[in-house]
Amino acid sequence: MEYWRSSVLAAALLTTAASAFPDRLSAQVIGGRVTDDRTMKPAVDYVVRLVQMSDTGLVALDETTTDATGQFTVVAPSAGSYVLSFGKTAPRVHRVPVEIEAGVAPTPKDFPLPIQRESDTRPYVDVDVDAASLFPKGGRGPAFPNAQRLAGARGSVFAMFVVDTTGRPEKNSVRLFAGTHADFVRSVEQWLTVGNFRVSHVGNVPVRRQVCLAFAFQVDTDPREARRLPKPDVPPAGLASSSRALCSRALEGAGMITVSAQR
C-alpha cells in the first residue's frame, strides 16, 4: 500500500512537472523516489542531478532535491542517454543511467541507495567531477633515467593515487604497478612526491579525486623520425573492475603521459 501511494504521488509529480513545461514532451520529465537501501526510509533533501557525458566530462542539465517523501523530478532537454547522480550534499558516486525515448513518458522508479554507508570523504573519479581532464602543473613529467636512456630502453608504469583539494598527491594513496623497469618506477615515484595537479570540482566545491596515470617511456634514436609511443596495456592482476575502468579511460585521455628522450 505504501509503495502504491508513492507511485501515485510520483506520477502526480510528473504530471505537475510536465505542465510546468508545456513546450516539452512529458517523456522528458524524469521522476522517482530515493530511499535508504537498508531502512527503506525516504531520503529527504537529497541532491539529484541529471547529467550527460560530453567530450570534456559530465555536463549538468538539471538539479533538484528530494522532498519529505524522497520524491524528485528533473527535466531533460530531449530524448537521449543520461545519468542520474545522487548525493547527500552534492551528487557523488551514486549514478544510474537512464534512457529517454521520444514520446514515451518514463515510469517513476524507486532508487534505494546505501545512504547510511555513504562516506563524505570518498574520493571522486573522472565521471563524477565537472571536468574530466587532469593536467599536471608545470608541464614537466618524470625524468628519463640515464641508464635506460643510454640503453635505448622503452617501458611503462601505471600510477594510481588520490589528488587532494590542493592539487597534491596524497602520499599514502600512491600505488605504482605494471612497471617494466625499476628505474622507470623510481622516476615516477620521485615525480609524484613534488607533483601538483589541477584541482577537481563538483559545482564550485573542490573535491578529492582518485586518478590513474599511464606513463610510456621511449628513447628516440633519430630525432628526425617522429614515432608514436605505443599505449601500455591495463594489467589485469590485482585491479578491481572499477580501477581497471579508470585506467582504461586514462589511456584514452589526459591520463596518458609520454616521456621521451634522445639517445
Side-chain angles (χ1 to χ4, degrees), residues 53 56-58 85 87 90-95 117-145 148 154-218 229-261:
M53 182 63 75
T56 58
L58 291 177
S85 293
R92 288 190 59 83
V93 296
H94 304 307
R95 301 183 305 276
R117 305 191 300 279
E118 193 175 278
S119 172
D120 290 334
T121 61
R122 186 188 306 177
Y124 291 70
V125 294
D126 52 350
V127 295
D128 294 319
V129 299
D130 293 339
S133 297
L134 183 78
F135 296 105
K137 293 183 178 179
R140 298 188 62 181
F144 204 109
Q148 300 299 335
R154 63 165 57 185
S156 61
V157 179
F158 279 89
M160 186 172 290
F161 54 95
V162 174
V163 176
D164 66 20
T165 55
T166 68
R168 300 300 301 273
E170 296 182 1
K171 182 178 180 180
N172 293 335
S173 71
V174 175
R175 179 186 175 192
L176 304 177
F177 52 93
T180 53
H181 294 283
D183 287 345
F184 292 154
V185 174
R186 282 192 291 268
S187 178
V188 172
E189 185 176 28
Q190 292 171 1
W191 180 73
L192 288 175
T193 62
V194 296
N196 197 8
F197 297 84
R198 176 180 294 180
V199 177
S200 298
H201 292 77
V202 172
N204 295 320
V205 180
V207 296
R208 297 168 66 240
R209 177 174 170 183
Q210 178 78 52
V211 301
C212 181
L213 297 181
F215 300 86
F217 292 80
Q218 178 172 306
L229 297 180
K231 292 182 179 180
D233 295 326
V234 177
L239 281 185
S241 57
S242 58
S243 297
R244 280 184 53 80
L246 180 63
C247 291
S248 294
R249 292 194 298 270
L251 293 175
E252 303 301 326
M256 178 71 183
I257 297 178
T258 57
V259 185
S260 59

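Closest non-hydrogen pair, V211 versus V163, comes out as CG2-CG2, 4.1 Å. Residue P123 comes nearest to Q210 through the heavy atom pair CB-N, 3.7 Å, listed as atom of the first residue, atom of the second, then distance. The minimum heavy-atom distance linking G195 with P169 is given by the pair O-CD, 3.3 Å. Minimum heavy-atom separation, V174 to L192: CG1-CD1, 3.8 Å.
In this structure, the side-chain hydrogen bond (donor to acceptor under 3.5 Å, both in side chains) partners of R186, at least two apart in sequence or on a different chain, are D183. F184 is linked by a ring pair (Phe, Tyr, Trp, His ring centres under 6.0 Å) to F144, H181, F217, counting only residues two or more places apart in sequence or in another chain.
Distance CZ/F158 to CG/L176: 12.0 Å, rounded to 0.5 Å.
Using a 4.5 Å heavy-atom cutoff, the side chains of C247 and F177 are in contact. Looking at R209 and D126, their side chains come closer than 4.5 Å, going by heavy atoms from C-beta outward.
Ring pair F197/W191 is perpendicular by interplanar angle, where above 60° counts as perpendicular and below 30° as parallel.
Residues in residues 156-174 take part in these salt bridge (Lys or Arg N to Asp or Glu O under 4.0 Å) pairs, two or more places apart or across chains: E170-R208.
Under the 3.5 Å distance criterion, the side-chain polar atoms of S200 are left unmatched by any main-chain donor or acceptor of V207.
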